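Small disclaimer: the values here were computed from a predicted structure and weren't measured. Residues: numbered from 1 along the sequence shown. Note that ligands are numbered from 1 as they come in the structure, with each ligand's atoms numbered from 1 the same way. The figures here come from the full heavy-atom set of this structure, side chains too, leaving out hydrogens, waters and symmetry mates.
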Amino acid sequence: MQHDHRSALRSLNLKATPKRLAILTILEEASVYLSPEEVWKRMKKKFKRIGLPTVYRNLEELSEGRVISKIIHPSRKLYYFLCKNRTHHHHFICVSCRKVEDITFCKVKEVEREVSKKINGTVLSHILQINGLCETCIDNQGHER
Ligand SMILES: [Zn+2]
Ligand SMILES: [Zn+2]
Ligand SMILES: [Zn+2]
């Protein structure tokens with residue numbers, strides 16, 4: 001596991017510092033998206049005097065290096081998630097249990113083409129995140145489908 005994270009960091013030209021490796025292990029073990037505060041609480045077990053700003057900075061660096069994904073909850077709160085899928089894809093996030101599912105088909109390319117035409121410019125990238133409730137949460141909470 002540790003080895004995995006090390007090589008992932010190396011392939012993205014990021015130094016495999018103990019803090020970065022610890023964050024990746026925490027996110028992997030959680031398997032759901034976590035807030036910076038939650039990561040910080042878990043980091044303190046290993047790095048007693050670590051401050052929240054350090055955790056914020058490391059999360060941001062890992063996200064900029066695309067080792068982890070940023071999740072913006074509909075509440076506007078920021079979370080982070082470890083996804084090992086390196087190909088172009090999007091995420092379905094359950095707003096309740098925080099489960100994340102990979103959506104591997106992307107039809108936004110068509111939208112990009114239309115937008116390029118309309119603005120007479122060029123589209124460089126897009127961000128798409130689908131928010132909702134997973135099957136388990138619907139069953140547990142009696143939500144209407
Ligand atoms: Zn759910
Ligand atoms: Zn993913
Ligand atoms: Zn896409």
Side-chain angles (χ1 to χ4, degrees), residues 1-43 45-46 50 52-145:
M1 227 191 275
Q2 281 280 333
H3 176 77
D4 228 38
H5 293 154
R6 245 174 233 284
S7 49
L9 288 170
R10 208 175 310 125
S11 71
L12 295 157
N13 281 320
L14 285 169
K15 251 183 97 181
T17 64
K19 287 191 179 105
R20 282 177 180 164
L21 288 170
I23 287 177
L24 294 181
T25 303
I26 286 168
L27 287 174
E28 178 162 52
E29 283 170 2
S31 81
V32 293
Y33 53 88
L34 295 180
S35 72
E37 292 79 10
E38 288 163 339
V39 174
W40 178 47
K41 267 183 213 144
R42 292 170 205 205
M43 287 289 276
K45 289 181 192 149
K46 197 169 177 188
I50 192 167
L52 183 55
T54 306
V55 173
Y56 269 119
R57 198 187 56 239
N58 276 279
L59 285 167
E60 205 39 51
E61 286 164 356
L62 289 169
S63 140
E64 271 166 28
R66 304 199 180 201
V67 190
I68 60 175
S69 319
K70 218 178 245 188
I71 304 279
I72 314 250
H73 196 271
S75 68
R76 308 310 297 165
K77 211 172 144 28
L78 183 64
Y79 294 87
Y80 291 93
F81 176 72
L82 176 69
C83 175
K84 292 182 173 171
N85 188 346
R86 292 270 161 261
T87 59
H88 181 84
H89 71 288
H90 298 285
H91 286 146
F92 165 84
I93 68 148
C94 178
V95 297
S96 177
C97 72
R98 302 191 186 181
K99 183 160 57 195
V100 178
E101 219 156 301
D102 278 1
I103 309 297
T104 49
F105 59 89
C106 174
K107 296 182 176 168
V108 187
K109 299 274 173 208
E110 292 163 36
V111 179
E112 284 192 344
R113 264 192 297 276
E114 271 175 53
V115 172
S116 305
K117 227 184 279 169
K118 185 172 162 41
I119 63 167
N120 217 359
T122 181
V123 173
L124 300 172
S125 64
H126 61 263
I127 297 170
L128 175 70
Q129 175 188 295
I130 313 277
N131 311 321
L133 288 165
C134 73
E135 193 177 9
T136 317
C137 287
I138 288 181
D139 289 345
N140 289 350
Q141 300 171 6
H143 281 283
E144 302 232 348
R145 279 180 194 267

Go through the steps for Arg20 and Glu61 under the test salt bridge (Lys or Arg N to Asp or Glu O under 4.0 Å), then give the verdict. CA-CA 9 Å; Arg20 282 177 180 164; Glu61 286 164 356; 2.9 Å; yes
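- Rounded to the nearest 0.5 Å, atoms CZ (Arg86) and OG (Ser11) are 6.5 Å apart.
- One finds a salt bridge joining Lys77 and Glu37 here, because a Lys/Arg side-chain nitrogen approaches an Asp/Glu carboxylate oxygen to under 4.0 Å.
- Going from atom OH of Tyr80 over to atom CG of Asn58 covers 10.5 Å, rounded to the nearest 0.5 Å.
- Asp102 contributes OD1 as its N, O or S atom closest to the Zn ion (ligand 2).
- Between Cys97 atom SG and Cys134 atom SG, the angle centred on the Zn ion (ligand 1) amounts to 110° (nearest 10°).
- Panel note: side chain His91, backbone Ile93; no donor-acceptor pair is recorded below 3.5 Å.
- Screening the protein for N, O or S atoms under 2.8 Å from the Zn ion (ligand 3) yields 4; no waters enter the count.
- From Glu28, atom CD reaches atom NZ of Lys84 across 3.5 Å, with rounding to the nearest 0.5 Å.
- Heavy atoms from other residues, nucleotides or ligands lying under 6.0 Å from CD1 of Ile119 number more than 12.
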